Amino acid sequence: MSLRIFNTLSGRAEVFEPLGTPVRIYCCGMTPKFHPHIGHARLFVDVDFMRRTLEHLGYEVRHVQNFTDIDDKTILRAEEEGITAEEVARKYTESYFASMAQLAVKPADEYPTVTGYMERIIQFVERLVEKGFGYVVGGDVWFSVSRFPDYGKLSGRAGDAGLIGVRKDLEPGKRDPRDFALWKAAKPGEPSWRSPWGPGRPGWHIECSTMVRETLGDQIDIHCGAEDLIFPHHENEIAQSEALTGLEPFAKYWPHVGWVTAEGEKMSHSLWNFVTLQDVLERFDPAAVRLFLLQTHYRSPLAFSEEGLAASSRSLPALRAAYGQEENVPGVAEISSESALHLLQRFDAQLEDDFNSPGAVGVMFETAHEVNRASDADRDQVRAVLRRMVEVLGLPLSARRSEPASTETILLIEFLIELRAELRQEKQWVLADKVRDGLKALGIVLKDGPQGTIWEREDREGRSAVI
RNA sequence: GGCGACGUAGCCAAGUGGUUAAGGCAGGGGUCUGCAAAACCCCUAUCGUCGGUUCGAUUCCGACCGUCGCCUCCA
């Protein structure tokens with residue numbers, strides 16, 4: 001088997017054949033104009049899962065993700081908050097990193113920003129003008145779509161069809177309704193940068209073309225982002241980049257991540273119907289949030305729901321128990337148990353089928369059950385495989401939210417367990433149960449097993465940890 | 001209007017032209033336990049509707065119904 005990736009460019013899944021090593025991935029990041037919401041989390045968790053899959057399958061990966069730290073929205077937000085656009089970008093970029101760390105999203109290798117690449121963006125626009133793909137009107141620079149015959153190949157909006165829906169009222173100076181801004185002259189009071197065309201700032205699409213080229217090269221393997229970026233953003237990126245370099249494809253594979261909806265509608269900052277990640281991570285275990293997101297395939301629409309999050313939370317204790325605590329488990333390479341290897345193969349097959357995370361999650365749960373079913377001889381091996389699966393899915397199972405219990409608390413609990421053991425020996429069931437119920441009320445759960453009684457702390461929705 | 005996605009058990013969600021249609025949550029029965037908890041075993045789906053192709057379709061094609069999205073800033 002080999003990895004297959006759905007490519008928006010061709011409209012079907014294709015066998016993944018990288019251009020070289022490392023595999024170069026660029027992901028359109030966020031505009032830090034507010035706290036990230038669940039929709040952002042979905043994109044970045046899914047992309048992180050793709051990256052982990054590639055690494056698991058033996059590829060070396062170089063992953064770049066940008067921040068659009070200056071645009072109309074950050075400027076607007078700055079006015080609302082009474083701070084500078086720069087401060088807005090910094091504040092919400094920090095919020096992004098805080099939430100992503102909780103979700104165990106691996107950091108990208110580089111996080112370019114618009115402001116950090118301003119000179120090179122300007123040079124990129126200059127080259128496009130020189131080559132006749134851009135034209136200057138006043139302080140604005142426009143990309144001339146008619147000069148790029150391949151326009152529309154990603155989104156399927158070509159020719160006349162592409163015209164429909166484009167803003168009807170032609171902006172002053174535009175020669176063709178499809179043309180889009182490479183550089184926008186600054187309005188009074190707006191942040192601006194000096195350029196050959198006067199003070200202004202980059203159009204929305206040129207930043208990504210520039211940053212891809214500067215950080216990864218003229219042609220890359222995978223360019224991802226959310227579905228809504230297909231048109232016009234990614235379409236325009238292709239036009240700019242391929243026009244400049246004369247090389248195609250600009251990016252070989254274009255997987256696009258689907259929506260998160262809230263109450264039947266697409267969740268978005270502009271509709272104000274979003275749930276911030278901060279808020280969700282406050283109320284639910286980060287591992288449950290990540291699991292919830294991964295339980296839907298990246299291309300399918302995902303309906304946000306508290307019930308879904310709660311269901312994912314409830315599935316964690318069993319998974320954590322099978323995952324185990326401190327035990328040393330063998331490395332995946334040393335595994336000989338046939339059932340363990342078979343499970344891993346089935347897991348990999350799901351990954352290779354266009355990053356089928358729900359399928360992979362299914363195999364992971366089967367593996368967790370197999371840990372309990374396996375013979376003593378095989379258990380560690382199955383557990384090792386389970387741990388690898390959890391790692392590839394990136395579930396932060398071992399992250400612990402609550403404060404560790406103090407030594408005194410632990411001694412006290414152990415004393416009560418001893419006391420209860422004696423009561424049980426004397427068949428003083430009422431008193432023994434009173435101890436157990438009392439601890440339960442404090443969030444301490446006792447479990448009697450063949451080796452004695454163990455205790456766990458129940459934190460939040462369905463979360464428990466052996467301490 | 002143009003382009004596209006989706007409709008599988010109570011809920012969420014994979015998947016397949018023909019043996020038993022994953023997995024999670026919820027529910028039911030059982031084993032274990034002093035009772036629980038955990039764990040394990042078992043049970044719960046004629047795959048939106050109507051046609052067509054086929055020896056055979058939930059899976060392919062068409063129509064219809066329903067839900068959602070992009071075409072304007074959007075992850």
Side-chain angles (χ1 to χ4, degrees), chain A residues 8 11 27-31 33 36-47 68 71-73 76 96 152 155-168 204 224-233 235 256-261 264-271 274 288 291-292 294-297 299-303 305 307-319 321-322 346 350 353 356-369 371-373 424-425 427-430 432-433 436-437 440 445-450 453-456 458 462 464:
Chain A
T8 303
C27 176
C28 283
M30 67 177 296
T31 302
K33 59 178 181 284
H37 55 60
I38 286 286
H40 296 107
R42 184 192 193 187
L43 172 67
F44 300 121
V45 164
D46 284 351
V47 171
T68 303
D71 87 330
D72 294 344
K73 290 295 173 63
L76 206 68
Y96 167 89
S155 61
R157 293 173 215 282
D160 292 340
L163 277 171
I164 297 167
V166 170
R167 195 178 290 172
K168 297 287 191 300
W204 173 35
C224 38
E227 216 175 0
D228 60 344
L229 296 180
I230 296 171
F231 188 88
H233 185 58
E235 193 70 71
H256 285 98
V257 175
W259 299 121
V260 173
T261 59
E265 267 191 320
K266 177 179 153 193
M267 186 182 287
S268 99
H269 272 158
S270 22
L271 289 174
F274 56 87
L291 181 61
F292 171 72
L294 256 12
Q295 266 171 321
T296 297
H297 184 80
R299 290 197 287 121
S300 300
L302 190 163
S305 83
E307 295 71 32
L309 244 15
S312 295
S313 301
R314 284 191 291 268
S315 70
L316 288 178
L319 186 59
R346 286 178 52 211
Q350 297 297 334
D353 180 15
N356 189 343
S357 60
V361 166
V363 178
M364 175 191 71
F365 276 108
E366 288 185 54
T367 306
H369 286 298
V371 169
N372 295 318
R373 273 191 293 248
R424 289 179 70 208
Q425 277 201 335
K427 300 196 191 298
Q428 302 250 27
W429 308 127
V430 176
D433 290 352
R436 185 174 64 197
D437 294 345
K440 176 99 189 330
V445 181
L446 302 190
K447 296 177 182 176
D448 301 325
T453 301
I454 58 163
W455 63 279
E456 294 179 354
E458 241 176 17
S464 66

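Everything quoted here is computed from the prediction, not taken from an experiment. The chains referred to below are lettered A, B, ... by the order of the sequence lines, with proteins before strands, and numbering in each begins at 1.
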For nucleotides 58-62 of chain B, tabulate all protein N/O to nucleotide N/O atom pairs closer than 3.5 Å, reporting atom names and distance.
none

Short heteroatom pairs, N/O only, protein and nucleotides 3-5 of chain B, under 3.5 Å:
none

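Between Lys266(A) and the phosphate of A75(B), there is no side-chain N or O to OP1/OP2 separation shorter than 4.0 Å. The side chain of Lys33(A) contributes an N or O atom lying less than 4.0 Å from OP1 or OP2 of A75(B).
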Which letters describe nucleotides 36-44 of chain B, given B = protein heavy atom under 4.0 Å from base, S = only from sugar-phosphate, - = neither? BBSSSS---

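Remark: U46(B) base-pairs with no nucleotide in the shown strands. Criterion, Watson-Crick or G-U wobble with two distances under 3.5 Å. When both distances must be under 3.5 Å, the Watson-Crick or G-U wobble mate of U53(B) does not exist. Using Watson-Crick or G-U wobble geometry with both donor-acceptor distances under 3.5 Å, C73(B) finds no partner in any strand shown. Applying the Watson-Crick and G-U wobble criteria (two distances, each under 3.5 Å), U67(B) pairs with A5(B). In this structure, C40(B) forms a base pair with G30(B), meeting either the Watson-Crick or the G-U wobble geometry with both donor-acceptor distances under 3.5 Å. Using N1 to N3 plus N6-O4 or O6-N4 for Watson-Crick, or N1-O2 and O6-N3 for G-U wobble, each under 3.5 Å, A21(B) pairs with nothing.
The listed nucleotides are A75(B), A22(B), G15(B); the one nearest the side chain of Met30(A) is A75(B). For Pro358(A), the side-chain atoms get nearest to A14(B) when compared with the rest of G15(B), A75(B), A14(B). Nearest to the side-chain atoms of Met267(A) among the listed nucleotides G24(B), C68(B), A75(B) stands A75(B).
For the P atoms, the distance from G23(B) to G51(B) is 34 Å, rounded to whole Å. Straight-line distance between the P atoms of C12(B) and C64(B): roughly 27 Å, to the nearest whole Å. C41(B) and G34(B) have their C1' atoms separated by 23 Å, with the value rounded to a whole Å. Annotation: C50(B) and U59(B) have their P atoms spaced 12 Å apart (nearest Å). When the C1' atom is compared between A9(B) and C47(B), the two are found 10 Å apart, to the nearest whole Å. Here the separation of G15(B) from U58(B), taken at their C1' atoms, is 10 Å to the nearest Å. To the nearest whole angstrom, the two P atoms, one in U67(B) and one in U8(B), are 14 Å apart.
Summary of the strand contacts: Phe365(A) and Gly225(A) both lie near RNA chain B, and taking for each the nucleotide with the nearest heavy atom, the more 5' one is attributed to Phe365(A).
Atom CG in Leu229(A) sits roughly 14 Å away from atom C1' in G69(B) (whole-Å rounding). Counting to the nearest Å, the P atom of C70(B) and the NE2 atom of His256(A) are 14 Å from each other. Rounded to whole Å, the distance from NE2 on His269(A) to P on A75(B) is 7 Å. Atom CG in Leu302(A) sits about 16 Å away from atom P in C68(B), given to the nearest Å. With rounding to whole Å, Glu307(A) atom CD is found 13 Å from C11(B) atom P. Between Asn356(A) atom CG and A14(B) atom C1' the separation is 6 Å, expressed in whole Å.
One donor-acceptor pair, N or O on each side, does fall under 3.5 Å between the base of G34(B) and the side chain of Asp433(A).
For Trp429(A) and G34(B), the ring-to-base geometry satisfies the stacking test (centroid distance below 5.5 Å, interplanar angle below 30°).
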